[in-house]
Amino acid sequence: MNSELKHPLGSNPGMDEDVFEQFAEQLTRYVRERLIPAEPEVIENDRIPDEIVDEMREMGLFGLSVPEEYGGAGLNMTQYARIVNIMAYAAPAYRSIFSINVGMFASALKNGATEAQRAEWYPKLVEGKIACFGLTEPGSGSDSAAMATTATPDPDGNGWVLNGTKRYITNAPHADVALIMARTEKEALPKNAHVSAFLVPMDTPGISTGSPDKKMGQSASHISDIMLDDVKVPGDALLGGETGKGFRFAMQSLDNGRISVGAAATGYARRALDSAVRYANERKAFGEPIARFQLIQAMLADSEIEIYAAEAMMADVTARADRGENILVKAAAFKVFASEMCGRVVDRVVQVYGGAGYLAEYDAERFYRDARIYRIYEGTTQILQLQIAKHMLREWEAANS
Ligand SMILES: Cc1cc2nc3c(=O)[nH]c(=O)nc-3n(C[C@H](O)[C@H](O)[C@H](O)COP(=O)(O)OP(=O)(O)OC[C@H]3O[C@@H](n4cnc5c(N)ncnc54)[C@H](O)[C@@H]3O)c2cc1C
């Protein structure tokens, strides 16, 4: 695959390495000493306590990828993925609450916003306002460009009127702002230029959210519909001030989102495996710890091997991103491998736990449920396989014509 292609944004030096290492160490301790002990309460109440969300704000987690000149931590991709990976050792809801801020929303601002939009929204992200990203709809998910939500010129001014419904939107019930993808042309255009992106405060009249959906896993991370009913936004809500660029911005932001999901799946697999190693040493059968049985050891070893592979992919793809390479294919490959790998690891972890693995009282059961979504959002495995193959075949054709 051609890794010589340069990313339009170029390289990013990131935070000073020593300062970053101290931050990573502090966060690792916070995850172990504060977030993991609070998990039973978070899961029981389906809610992260406000004081923890405030602590996370104070630690700067909501503005990790916001450039330093706007008050953020200015992390590069390598550092960003490591922080997500560290956070993902705890229950997924903790990452979820700030993931859109630092992932897709910050990335869309970086890729596509005007200076005025950056000046307005970056500081709000840093402060801890919660963002959401509205792409999926009842009738369009993988085929997201087939969206029905429209933005039409406001007859009363220079703004836009938005109508439609967005579905499964992470953080929608708590969000202060949404990045909404909408059609600015009726007919589909080449390169999906019929789609534009809008920065929409969630208190704009005409916006409402549905009740949070009941899900398989990841308690305390909430998704819901967003209904847009004649929502009037000013002209400067159009991301980048230009129509027809929304889809490109969304796809560029998804690169970042895929790295985040890959890093999260890798961190969660590590958490699940550590718990299986502990259980295997504690649980006895036939008079000895089950960790002594070689078939148990095989499951532990296979998991270790696969997590190591995902960690190596994470280090590689993020280093490439920081060198300014185009990482479209490799970010997709990392996301597919890490999410599928996490699925295999949590499945083995349930097996290591035996009957206890099936009971809600033990962690293995929720690891298994929580991990399932990683293979679906930010591009399903199938859609990313198609994307990877498309690039491979295009390169083969270019080289052989
Ligand atoms: C917990 C959760 C959080 C989410 N958060 C957000 C969010 O914040 N913002 C947002 O916009 N969306 C969000 N989503 C939506 C998510 O991104 C979509 O669900 C996902 O992209 C899949 O779309 P779909 O559900 O419409 O599935 P479909 O597109 O209907 O796909 C169904 C199946 O068909 C397969 N398929 C589809 N097309 C093809 C093809 N051409 N070839 C082969 N197989 C194909 C898919 O891989 C899948 O297996 C979230 C979803 C969940 C469950």
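Each residue takes its place number in the sequence, starting with 1. Fair warning: this is a prediction, and the values are worked out from it, not measured in the lab. All ligand and atom numbering here is 1-based and tracks the order in the structure.
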Considering only non-hydrogen protein atoms, determine which one is nearest to [atom] and report residue, atom name and distance to 0.1 Å.
{"atom": "atom 29 (O) of ligand 1", "value": "S142 OG, 2.6 Å"}
{"atom": "atom 41 (N) of ligand 1", "value": "L386 CD1, 3.6 Å"}
{"atom": "atom 9 (N) of ligand 1", "value": "F133 O, 2.8 Å"}
{"atom": "atom 18 (C) of ligand 1", "value": "T136 OG1, 4.1 Å"}

Give a yes or no on whether [atom] lies under 4.0 Å from any heavy atom of the protein.
{"atom": "atom 34 (O) of ligand 1", "answer": "no"}
{"atom": "atom 7 (C) of ligand 1", "answer": "yes"}
{"atom": "atom 11 (O) of ligand 1", "answer": "yes"}
{"atom": "atom 15 (C) of ligand 1", "answer": "yes"}

salt_bridge([X], [Y]) N-O dist < 4.0 Å:
{"X": "D54", "Y": "R57", "value": "yes"}
{"X": "R320", "Y": "D316", "value": "yes"}
{"X": "E137", "Y": "R183", "value": "no"}
{"X": "K232", "Y": "D156", "value": "yes"}
{"X": "E39", "Y": "R366", "value": "yes"}
{"X": "E397", "Y": "R394", "value": "no"}

With heavy-atom distances below 4.0 Å as the criterion, list the atoms of ligand 1 near [X].
{"X": "I169", "answer": "7 (C), 8 (O), 9 (N), 10 (C), 11 (O)"}
{"X": "G141", "answer": "23 (O), 24 (P), 26 (O)"}
{"X": "I376", "answer": "20 (C)"}

**Message:** Below 4.0 Å, non-hydrogen atoms only: which portion of N171 touches ligand 1? Side chain, backbone, both or neither.
**Reply:** neither
Throw together a table of side-chain donor-acceptor distances under 3.5 angstrom for residues 20-27, partners on residues two or more places apart or in other chains.
| from | atom 1 | to | atom 2 | distance (Å) |
| --- | --- | --- | --- | --- |
| E21 | OE1 | R82 | NH2 | 3.3 |
| E21 | OE2 | R82 | NH1 | 2.8 |

Less than 3.5 Å between some nitrogen or oxygen of [X] and one of ligand 1, yes or no?
{"X": "I100", "value": "no"}
{"X": "Y168", "value": "yes"}
{"X": "R167", "value": "no"}

**Prompt:** Ring centres of F367 and Y268 under 6.0 Å apart?
**Reply:** yes
**Neighbour count above 12 (heavy atom, 6.0 Å) for E17 CD** = yes
**Prompt:** Does atom CZ of F337 have more than 12 heavy-atom neighbours, drawn from other residues, nucleotides or ligands, at distances under 6.0 Å?
**Reply:** yes
**Message:** Among T380, L254, T381, which one puts a heavy atom closest to atom 48 (C) of ligand 1?
**Reply:** T380
